[in-house]
Amino acid sequence: MHAHEHGDHAEHGHSHHDHHDHAHQSGPDRPQSKHDDHDHHHDHGHGHHHHAAGVAERSLILALVVTASFMLVEATVGFLSGSLALLADAGHMLADAGALALALVAQRLAGQPRTELRTYGMRRAEVLAAFVNGMALAGVAVLILKEAAERWFEPQKLNGNAILLTAALGLIVNLAVAGILMRGRKDNINVRAALAHVLSDALGSVAAILAGVAVSWFGAYRADPLLSAGIAVLVAVSGYRILRETTGILLESAPPHLDVVAIEGTIRTTPGVSEVHDLHVWRISDKFDTLTAHVVLARGFHGTDVCREVAERLRSAHGLDHVTIQPEPPRPDDLVIVRRSRDGAPLRCAS
């Protein structure tokens, strides 16, 4: 039931100003003005958000510079030595560099203020960038597997020492970049996506080291494409995890850490709530979970008090801060009587 459908029950509504620090609660008697204070509640974490965004951006810039620089070195040595493992790792680092650049662009977009057209700003830019990164990882994995299969049937003579030295340096670089990104990963899905790239790349460097050892010490040239295939699997797993998380957000699924049944139970058991419907829980962007619901008031309770209590319970029990509760008046006292025929089939309804 929407606000305009129960204007006669204005006593159950409430002012948004009364509760902007608890929830985004619109009463049945009043539409929300764009000049309301709802900004205060939803932006209460902006100080932390801007600090986290600044840390994330600095981490991404430094990681991009280091990754792109060594990528050129690894690609050059891989081409000269003929090592697929090094070329695969360089390709992975290229994907890393692209992911980091894309993450930086998305970080800037996500920091843009909201507008009348984009009322949530461009927070989803981070999610879209991470989704593209996941797709890129999947593409890199396919290319590596294709080349590894060809190299397996036609092994090539390789310079094992060059592979070993370059792969060892690559591992050091990857671990250094991972350390940089670890600082900004907690509150940013973009940085976590980039970190997934780098960590799987570090494992790729380990595989390239093993390939160098196998070639230089044992002359086992097939170890190079075999371990390259292992790198491809690592890349594919990283891509799958990122795609799974970002797809859930883009499809507006309930965040996996939130139990919707338990949330509904919390609302239903709040004093003054007789029914709850149109319950929706979704994620706008990383660490930004949102809930909307309609609650039917029990007789003798005021909508303002009930909505405040529901919002507080959702905050304390489930960590939900961005909550919109729509109160609805109690159901009429008249009971609906269903007349039935002798065989139990309903004939008509009357009040």
Side-chain angles (χ1 to χ4, degrees), residues 60-104 132-178 180-181 194-239:
L60 288 169
I61 291 173
L62 184 56
L64 175 59
V65 170
V66 174
T67 300
S69 299
F70 191 78
M71 174 199 69
L72 296 175
V73 174
E74 195 168 40
T76 301
V77 177
F79 179 77
L80 295 176
S81 67
S83 170
L84 176 60
L86 280 184
L87 289 173
D89 205 32
H92 195 183
M93 293 193 83
L94 176 61
D96 290 349
L100 290 165
L102 194 59
L104 274 170
V132 172
N133 289 343
M135 295 293 290
L137 283 170
V140 168
V142 172
L143 291 175
I144 295 173
L145 285 172
K146 177 180 177 295
E147 186 66 22
E150 294 175 357
R151 292 284 186 97
W152 176 264
F153 293 106
E154 295 182 8
Q156 298 184 11
K157 190 171 182 179
L158 307 171
N159 185 332
N161 290 329
I163 297 171
L164 184 58
L165 177 61
T166 307
L169 290 175
L171 178 61
I172 294 172
V173 169
N174 283 320
L175 292 177
V177 172
I180 294 170
L181 294 176
L195 181 61
H197 276 269
V198 173
L199 289 177
S200 61
D201 202 13
L203 293 174
S205 295
V206 172
I209 290 172
L210 294 176
V213 170
V215 169
S216 60
W217 293 4
F218 306 104
Y221 295 112
R222 278 197 171 93
D224 184 64
L226 179 63
L227 290 166
S228 298
I231 296 174
V233 172
L234 295 173
V235 173
V237 170
S238 296

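Values below: all heavy atoms of this structure, side chains included; hydrogens, waters and symmetry mates excluded. Because the structure is a prediction, the values reported are computed rather than measured.
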Practice task
Return the set of residues passing side chain to side chain donor-acceptor pair (under 3.5 Å) with T166 (not counting sequence neighbours), or none when no residue passes.
Solution key: none

Practice task
State which residue, out of I144, L143, V142, fulfils the side-chain contact (heavy atoms from CB on, under 4.5 Å) condition with V140.
Solution key: I144

Handout entry: side-chain contact (heavy atoms from CB on, under 4.5 Å) involving L137 - partner list, sequence neighbours excluded
Key = H92, H197, V235, S238, I242

Indicate every side-chain donor-acceptor pair of residues 226-234 with a distance under 3.5 Å to a residue at least two apart or in another chain.
unit_1, atom_1, unit_2, atom_2, d
S228, OG, A85, N, 3.3
S228, OG, D224, O, 2.7

Completion exercise
Interatomic distance, CG@L62 vs OG1@T67, rounded to 0.5 Å, equals 9.0 Å

Handout entry: Straight-line distance of R151 CZ to E147 CD, nearest 0.5 Å
Key = 5.0 Å

Practice task
Check N161 against S216 and note the closest heavy-atom contact, atom names and distance.
Solution key: OD1-CB, 3.7 Å

Problem - Spacing of L169 atom CG and I209 atom CD1 [to the nearest 0.5 Å] - result: 9.0 Å

Practice task
Give the C-alpha distance, both sets of side-chain angles, the deciding distance and a yes or no for side-chain contact (heavy atoms from CB on, under 4.5 Å) between L181 and L60.
Solution key: CA-CA 7 Å; L181 294 176; L60 288 169; 4.1 Å; yes

Fill in the blank from the handout: CG (L87) and OG (S81) are apart, to the nearest 0.5 Å, by 7.0 Å

Practice task
Might you point out which heavy atoms bring Y221 and P155 nearest each other, and give the distance in Å?
Solution key: CB-CB, 4.2 Å

Practice task
With rounding to the nearest 0.5 Å, note down the distance linking CG in L164 to CG in L86.
Solution key: 9.5 Å

Problem - Minimum heavy-atom distance between A223 and A211, given as atom pair plus value - result: O-CB, 4.4 Å

Practice task
Heavy atoms only: give me the nearest L175-A202 pair and the separation to one decimal.
Solution key: CD2-CB, 4.4 Å

Exercise for the section: Please report the closest heavy-atom contact between V65 and S69, naming both atoms and the distance. Expected result: O-OG, 2.8 Å

Exercise for the section: Would you give the length of the straight line joining atom CG of L104 to atom CG of L64, rounded to the nearest 0.5 angstrom? Expected result: 6.0 Å

